[in-house]
Chemist: 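Below are the structure tokens for one structure; questions will follow.
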Number of protein chains: 2
Amino acid sequence: MTEPRWLDEREMAAWQSFLRAGSRIGRHLERQLKEESGLSHQQYEILVRLADAPDGELRMTELAAHLVTSKSGLTYQIGRLERRGLVRRRTCESDVRGVHARLTADGGRALRAAAPGHVAAVREALIDVLDRGELDQLAESLGRVARRLEEGEAHTGTDNTPRR
Amino acid sequence: MTEPRWLDEREMAAWQSFLRAGSRIGRHLERQLKEESGLSHQQYEILVRLADAPDGELRMTELAAHLVTSKSGLTYQIGRLERRGLVRRRTCESDVRGVHARLTADGGRALRAAAPGHVAAVREALIDVLDRGELDQLAESLGRVARRLEEGEAHTGTDNTPRR
DNA sequence: TCACAGTCGTTCAAATTCGAACCACTCATC
DNA sequence: GATGAGTGGTTCGAATTTGAACGACTGTGA
């Protein structure tokens, strides 16, 4: 194997900033949500996806594709949310294997209650720290990064791989 | 409470890209490291910090400040690495409470063995997807974001708060 | 219509993570 | 030098995460 192309100083700076920002923001949001709404960020995202879904419900697999969990992780979290009455499970009529998850009225309320604080935290941590141009640039750059990886995930053996 | 300032479309795009890129890259690296080197990203970072340390060793607290774990998480991972002989612990002579962590020869070898593949993965996932200008912009923007949050963490009750 | 490869979601055990409680110690003050 | 607030790291239990294995089912092609 030939000598690898190490990161030069500027590349390293970008990488480190990305890493640090990612983890700090993650912590920031996690704490805020847990404290003010008793939800994990993971759970909040699930509720959002369900609320945004066209029919108000989603198949487990679709849900997992949007989120960052493994299939089993999703099962766990949905179970948790169901126990709290925020989400309900329903077997899919066209495919008995399938399961629809749907927001309950309580779930909707919980989401509406949590949203303002969460958005404020996102603003505080990221959005309001950057100007318009920086935001657009970020969306453009990281959007490309995310898209590439999502495509590439199709053929790996990971548990919850979308495999579209 | 007044109506919160929701995110407009462009802000949302930036936020979503950031989230997705972060988690996808995390998974990407985690998998690559685990497969090719048997290390978690967390562990890899620990080894890097120790290797870069001026005296080849660091206090647990210093280490925790750089990384993203809680104090207890660090104790756990260092224990793990120690069991594998990659790291050694030594009580600090100036302060009996303190503990120095230091890379062993094996640890150095493990790091050198893991580094090329890891760097390649970072390039593939992030660095080589962006051009020079984008990289600099990213470093600038997210650097600011990270710095702000790190400052703000000083007075929160989190476990491993750096508290400098 | 009969395999049969692939899909869906769950279950399982193992690994990791976190915060709170804790113990031993240090340091500034009295 | 005693005292008390604060630090540094570990330990503990609970929550979460993951991949592998599983059981049930689907859809396709012979």
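This one's a predicted model, so the numbers in the text were calculated from it and none came from an experiment. Lettering follows sequence order; numbering is per chain, from 1.
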Chemist: Is any side-chain N of the basic residue among A:Arg132 and B:Glu11 closer than 4.0 Å to the acidic one's carboxylate O?
Modeler: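 Yes.
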Chemist: Could you check A:Ser94 against B:Val99 and say which one's nearest nucleotide on DNA chain D is further toward the 5' end?
Modeler: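 The 5'-side residue here is B:Val99.
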Chemist: For B:Ala13, enumerate each residue passing the side chain to side chain contact (heavy atoms under 4.5 Å, CB included) test, keeping only those at least two apart in sequence or located in another chain.
Modeler: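 Expected list: A:Ala139.
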Chemist: Counting just side-chain N and O atoms, does A:Arg31 come under 4.0 Å of either OP1 or OP2 of C:dG19?
Modeler: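 No, A:Arg31 has no side-chain N/O under 4.0 Å of OP1/OP2 on C:dG19.
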Chemist: Between B:Met60 (CE) and D:dT11 (P), how many Å, whole number?
Modeler: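 After rounding, the gap between these two atoms is 10 Å.
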Chemist: Strictly below 4.0 Å: does A:Gln77 bring a side-chain N or O up to OP1 or OP2 of D:dT17?
Modeler: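 For A:Gln77, the contact criterion (side-chain N or O under 4.0 Å from OP1 or OP2 of D:dT17) is met.
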Chemist: Looking at the base of D:dG19, is there any donor atom on it, or on the side chain of A:Ser70, that sits under 3.5 Å from an acceptor on the other one?
Modeler: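 No, the side chain and the base share no sub-3.5 Å donor-acceptor pair.
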Chemist: Reckon A:Gly73 touches a base, only the sugar-phosphate, or nothing at all at heavy-atom distances under 4.0 Å?
Modeler: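 Base, at least one base atom sits under 4.0 Å.
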Chemist: List for me each residue that meets side chain to side chain contact (heavy atoms under 4.5 Å, CB included) alongside A:Ala110, sequence neighbours excluded, and say none if there are none.
Modeler: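 So A:Ala110 forms a side chain to side chain contact (heavy atoms under 4.5 Å, CB included) with A:Leu86.
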Chemist: Could you state the atom-to-atom distance from NE2 of A:His28 to P of C:dC18 in whole Å?
Modeler: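 It works out to 17 Å between those atoms.
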Chemist: In whole Å, what is the span from the NZ atom of A:Lys71 to the P atom of C:dG6?
Modeler: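 Distance, rounded to whole Å: 14 Å.
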Chemist: Can B:Ser40 and B:Glu30 be counted as having a side-chain donor-acceptor contact under 3.5 angstrom?
Modeler: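 There is no such pair between these side chains.
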Chemist: So what does the secondary structure string of DNA chain D come out as, 5' to 3', with Watson-Crick or wobble pairs under 3.5 angstrom, [ ] for crossing and | for pairs with another strand?
Modeler: ||||||||||||||||||||||||||||||
Chemist: Of the nucleotides D:dT11, C:dT11, D:dT10, which has the atom closest to the B:Arg89 side chain?
Modeler: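 Of the options given, the side chain of B:Arg89 lies nearest D:dT10.
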Chemist: Output the single nucleotide from C:dC25, C:dT11, C:dC18 whose closest atom is nearest the side chain of A:Arg27.
Modeler: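 Side chain of A:Arg27 sits closest to C:dC18.
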Chemist: A:Gln77 and A:Gln43: side-chain donor and acceptor closer than 3.5 Å?
Modeler: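 Distance-only check passes for A:Gln77 and A:Gln43.
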Chemist: What about B:Ile46 and B:Val48, same hydrophobic cluster or not, with Ile/Leu/Val/Met/Phe/Trp/Tyr joined at side-chain heavy-atom distances under 4.5 Å?
Modeler: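 Looking at the clustering, B:Val48 is in the same group as B:Ile46.
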Chemist: Distance check needed: D:dT7 C1' versus B:Asp95 CG, whole Å only.
Modeler: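 The distance from CG of B:Asp95 to C1' of D:dT7 comes to 8 Å, rounded to the nearest Å.
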Chemist: Ignoring backbone atoms, establish whether A:Tyr76 has a side-chain N or O less than 4.0 Å from OP1 or OP2 of D:dT17.
Modeler: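 Result: no.
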Chemist: What residues from residues 32-54 of chain B pass a heavy-atom cutoff of under 4.0 Å to DNA chain C?
Modeler: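 Those residues: none at all.
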Chemist: Partners of A:Arg10 by side-chain hydrogen bond (donor to acceptor under 3.5 Å, both in side chains), sequence neighbours excluded?
Modeler: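 Only B:Asp136 meet the side-chain hydrogen bond (donor to acceptor under 3.5 Å, both in side chains) criterion with A:Arg10.
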Chemist: More than 12 foreign heavy atoms under 6.0 Å from CZ of A:Arg59: is that the case here?
Modeler: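 Counting other residues, nucleotides and ligands, CZ of A:Arg59 exceeds 12 neighbours.
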Chemist: Rounding to an integer number of Å, can you tell me how far A:Arg90 CZ sits from C:dC8 P?
Modeler: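 These atoms are roughly 17 Å apart.
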Chemist: Tell whether A:Arg97 reaches the base of D:dT26 with its side chain through a donor-acceptor pair below 3.5 angstrom.
Modeler: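 In this structure, the two groups form no donor-acceptor pair.
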Chemist: May I have the distance from B:Ile78 (atom CD1) to D:dT11 (atom C1'), rounded to whole angstrom?
Modeler: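 Interatomic distance, CD1 of B:Ile78 to C1' of D:dT11: 16 Å.
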Chemist: Taking CG from B:Leu67 and C1' from C:dT17, how many angstroms apart are they, rounded to a whole number?
Modeler: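 For the pair B:Leu67 CG and C:dT17 C1', the rounded distance is 14 Å.
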Chemist: Donor-acceptor pair, distance only, cut-off 3.5 Å: does the side chain of B:Arg144 make one with the backbone of A:Val129?
Modeler: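 Yes.
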Chemist: Considering just the side-chain nitrogens and oxygens of B:Arg59, establish if one lies under 4.0 Å of OP1 or OP2 belonging to D:dT7.
Modeler: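 For B:Arg59, the contact criterion (side-chain N or O under 4.0 Å from OP1 or OP2 of D:dT7) is not met.
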Chemist: Name all pairs fulfilling the salt bridge (charged side-chain N to carboxylate O under 4.0 Å, His left out) condition that reach into residues 36-45 of chain A, sequence neighbours left out, sorted by first residue then second.
Modeler: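 Pairs touching residues 36-45 of chain A that pass the test: A:Glu45-A:Arg49.
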Chemist: To the nearest angstrom, how far is B:Arg80 atom CZ from C:dA14 atom C1'?
Modeler: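 It is 10 Å, rounded to the nearest whole Å.
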